Amino acid sequence: MKTHLQTLINHALQHLQTEGALAGVELPAIPVERSRDRTHGDFASSIALVLAKTARCKPLNLAERIAAALPVSERIAKIEIAGPGFINFFLTADAYQAVVREILDQGEAFGRSTLGGGQRVQVEFVSANPTGPLHVGHGRGAAFGATVANLLEAVGYQVHREYYVNDAGRQMNILAASIWLRYLEHCGESFRFPSNGYRGEYVRELAARLYAEQGSAYVTSAAQAFQDLPQDEIHDEDGNLITPGDQEAHIDGLVERARVLLGDHHYRYIFELGLNTIIDDIRDDLREFGVVYDHWYSERTLEERGAVNKTIQRLRDVGQVYEREGALWFRSTAFGDEKDRVMQRENGQTTYFASDIAYHLEKFERGFDGVIDVWGADHHGYVPRVKGALQALGENPARLDVLLVQFAILYRNGERVQMSTRSGDFVTLRELRHEVGNDAARFFYVMRKSEQHLDFDLDLAKSQSRDNPVYYIQYAHARVCSVLRQLQEKGFSRDEPRGRDHLALLTESHEETLLIVLARYPEVVEAAALNHEPHQLAQYLRELANAFHTYYNEHRVLVSDDALRDARLNLSLATRQVIRNGLNLLGVSAPEAM
RNA sequence: GCGCCCGUAGCUCAGUUGGAUAGAGUGUCGGCCUCCGAAGCCGAAGGUCGUGGGUUCAAGUCCCGCCGGGCGCGCCA
């Protein structure tokens, strides 16, 4: 409809030009948008306001002339000039009603488009380290990333969903050492657990499993394990420093000690046990959450292939790497970063940053037209250095789009649920899903703008009332299903073609409102997809549900007049279809009964 | 201190990429079931869009300065 109006206006402008008006005026893109206020019609164009200055005439006057020159269209009932010079378009009832036919014809395809032209886009999201179960913060990234991917797919992009598994880094070694230490405890050794070790309960479970599989074959004395290590930094429960030391050196020393005492074979065994168990758990967790990936990309394969070293070499070749204090630095300040960054530590280990550059370079080389990363907002400082490195390597950093997602804060009984990663005391995604259900979790996570902090009200998410937007929307869907059941109980039958033939009977104002909301759906999907803003769709679905509930409350669907009944049934079915399509993109179920 | 994000109704948030008289939900108050699901609907009240300038036909939206909040500023990830 928008493009139709733009075409009409364009015709009018060209007509005016051939008449000699608007001589020498360059025609801009023609603005057409939906009116916010019904009294301003359905669509409005501010073209006269935009052109007034260059055309050197009054906007109102210009609007009149454009309106007069508009070709007739059977979809337009009335054109008005209003305000400072807006051209308002009022659609015919027939143009409203046509959307019902369109929805019924297209079914699940309604709202989908080919806008993206099949361009390949990669969306990488969650990518949490496999050092423990996903927590509620990761959940938001999962719901958001999955929905962005769904939306892009819906508007015609070829989407590749990927999880980057950090299975090679230092953190994984710390996990392995943590499991080993818990295992030693399990076998009766006692010592102070390192402050930088992983303290979660799951580490003890992994240790118990190691014992179940291998008995005491991996035991050494605590004295041996901790002999001559750099002093750990110790705090009391309130976080006050008790004994000064170097946490990092201590834990690195422990990792090294584990390798030596266990031997390569046994060390590998623990490492793999931890990695595989946790990554399987994460995969199951996400699958249950309706989040499925095309590829789980292993950092280790990147390293084994030599891609990390090759990337460092390439940066060296372009002169952006230097050595200082025994470490290798990337000159990211040359690309707008605040300071240069280390790629290879003094001890020879490459950093997370180094493999991340290699990974992103690899993404580009795989030929995606666009690459999207979903990160926690606390990583925002990381963006300039990754983009900088890509630029240094001759790539266009604009092809990488980093979407930042703020934390979700849980509230229960009106109070903030405290969480701290350090003590291993956090709410897992799985716990959240079990508490509020997958549907509420998926919806709540994306109902706010991603860069906005999310207050996640657990009580609201669980409540089965109109306060809860998920139930409110699902209820509208279930209501239509219920009407269909009633239809049979009342001995009516449904005649869809008859309903289509009598859409003109849908003249009530509530029907008109509902029709307009339905017609907006494809525009909403498009905007939500292109702006990477799932909340727009969530917001819209609430509005649609409201339009339906209002209508339903005011008018009966199952009236005795066959033609009217069938027309209203078609309208209801169209509503159900759009709710279903929208919820499907959000990863939320559309129940037939509740 | 520097960088990024955020300040809109009591609370939680939208605001169609700069459009006309700033909107929802919730909370408060008041109405609506002999009728397809009241898990619903309607109404009232509630605002200096943090603040001061600037840009233009038009600013909640763009630019600059303040005020307030969050995050980041490791040879951690």
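It should be emphasised that the depicted structure is a prediction, and the values quoted were computed from it without experimental measurement. Each chain gets a letter, A, B and so on, in the order its sequence line appears, and its residues count up from 1. Values below: every heavy atom of this structure, side chains too, minus hydrogens, waters and symmetry copies.
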*NZ/NE/NH1/NH2 to OD/OE distance under 4.0 Å, Arg170(A) and Asp252(A)*: yes
*Would you call Arg485(A) and Glu592(A) a salt bridge, taking side-chain N to carboxylate O under 4.0 Å as the test?*
no
Hey, can you tell me if [X] and [Y] have their rings parallel, tilted or perpendicular (30° and 60° cut-offs)?
| X | Y | answer |
| --- | --- | --- |
| Tyr359(A) | Tyr164(A) | parallel |
| Tyr382(A) | His379(A) | perpendicular |
| Phe330(A) | Phe353(A) | tilted |

Rounded to whole Å, how long is the line connecting atom [atom1] of [X] with atom [atom2] of [N]?
| X | N | atom1 | atom2 | answer |
| --- | --- | --- | --- | --- |
| Leu573(A) | C36(B) | CG | C1' | 13 Å |
| Tyr445(A) | U12(B) | OH | P | 20 Å |
| Phe444(A) | U26(B) | CZ | C1' | 12 Å |
| Asp37(A) | A24(B) | CG | P | 12 Å |
| Gln539(A) | A14(B) | CD | P | 7 Å |
| Met447(A) | A14(B) | CE | C1' | 12 Å |
| Ile409(A) | U12(B) | CD1 | P | 11 Å |
| Lys449(A) | G15(B) | NZ | C1' | 8 Å |

Checking all strands, does [X] fall into the base, sugar-phosphate, or nothing category for heavy-atom contacts under 4.0 angstrom?
| X | answer |
| --- | --- |
| Ala327(A) | base |
| Arg34(A) | base |
| Arg520(A) | nothing |
| Ala476(A) | nothing |
| Asn546(A) | sugar-phosphate |
| Phe353(A) | nothing |
| Glu543(A) | nothing |
| Val524(A) | nothing |
| His477(A) | nothing |

*Side chain of Asp459(A), backbone of Arg412(A): donor and acceptor closer than 3.5 Å?*
no
*Which of these passes side-chain hydrogen bond (donor to acceptor under 3.5 Å, both in side chains) with Arg494(A): Asp562(A), Asn570(A), Asp566(A)?*
Asn570(A)
Stacking check [X] vs [N] (5.5 Å / 30 deg):
| X | N | result |
| --- | --- | --- |
| His40(A) | A20(B) | yes |
| Tyr552(A) | C41(B) | no |
| Phe86(A) | A20(B) | yes |

Proximal nucleotide (of [options]) relative to the [X] side chain:
| X | options | answer |
| --- | --- | --- |
| His380(A) | G70(B), G25(B), C71(B) | C71(B) |
| Glu451(A) | C5(B), A20(B), A77(B) | C5(B) |
| Val483(A) | C36(B), C13(B), A20(B) | C36(B) |

Nearest-angstrom distance, [atom1] atom, [N] to [M]:
| N | M | atom1 | value |
| --- | --- | --- | --- |
| G60(B) | G1(B) | P | 31 Å |
| G50(B) | G70(B) | C1' | 16 Å |
| G7(B) | U12(B) | C1' | 14 Å |
| A14(B) | U26(B) | C1' | 14 Å |
| U51(B) | U61(B) | P | 11 Å |
| C42(B) | C66(B) | C1' | 45 Å |
| A58(B) | C11(B) | P | 33 Å |
| C73(B) | A20(B) | P | 41 Å |

_Glu299(A) vs Lys2(A), nearer the 5' end of RNA chain B by closest nucleotide_ = Lys2(A)
_On RNA chain B, does the nearest nucleotide to Val557(A) precede the nearest nucleotide to Ala377(A) from the 5' side, or the other way round? Give the residue._
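The 5'-side residue here is Val557(A).
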_For a stem of at least 3 consecutive Watson-Crick or G-U pairs with distances under 3.5 Å, i pairing with j, i+1 with j-1 and so on, which stems involve RNA chain B?_
B:1-7 with B:67-73, B:10-13 with B:23-26, B:28-32 with B:40-44, B:50-54 with B:62-66
Is it the case that [N] (base atoms only) and [X] (side chain only) share a donor and an acceptor within less than 3.5 Å, ignoring hydrogens and angles?
| X | N | answer |
| --- | --- | --- |
| Gln406(A) | G70(B) | no |
| His379(A) | G72(B) | no |
| Asn88(A) | A20(B) | yes |

Side-chain N or O of [X] versus OP1/OP2 of [N]: is the shortest distance under 4.0 Å?
| X | N | answer |
| --- | --- | --- |
| His535(A) | G15(B) | yes |
| Gln452(A) | A14(B) | yes |
| Arg479(A) | A38(B) | yes |
| Ser46(A) | G18(B) | no |
| Tyr411(A) | U26(B) | no |

*Taking the six-membered ring where the residue is Trp, are the ring centres of Tyr475(A) and Tyr471(A) under 6.0 Å apart?*
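Between Tyr475(A) and Tyr471(A), the centre distance exceeds or equals 6.0 Å.
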_Tyr540(A)/Tyr521(A) aromatic ring centres below 6.0 Å_ = yes
_Polar side chain donor-acceptor pair, Asn166(A) to Glu299(A), under 3.5 angstrom_ =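 The criterion, which ignores hydrogens and geometry beyond distance, is satisfied for Glu299(A) and Asn166(A).
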*Tyr472(A) and Asn546(A): CA distance, side-chain angles, deciding distance, side-chain hydrogen bond (donor to acceptor under 3.5 Å, both in side chains) verdict*: CA-CA 8 Å; Tyr472(A) 184 82; Asn546(A) 176 249; 3.0 Å; yes
*Residues of residues 172-179 of chain A with any non-hydrogen atom less than 4.0 angstrom from an atom of RNA chain B: list those, numerically ordered, please.*
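Residues of residues 172-179 of chain A under 4.0 Å from RNA chain B: none.
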*When you check the glycosidic angle of C33(B), does it come out syn, meaning within 90° of 0, or anti?*
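Syn, since the glycosidic angle lies within 90° of 0.
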Working to the nearest 0.5 Å, report the span between [atom1] of [X] and [atom2] of [Y].
| X | Y | atom1 | atom2 | value |
| --- | --- | --- | --- | --- |
| Phe548(A) | Arg576(A) | CZ | CZ | 10.5 Å |
| Arg568(A) | Leu514(A) | CZ | CG | 11.5 Å |
| Asn196(A) | Glu248(A) | CG | CD | 5.0 Å |

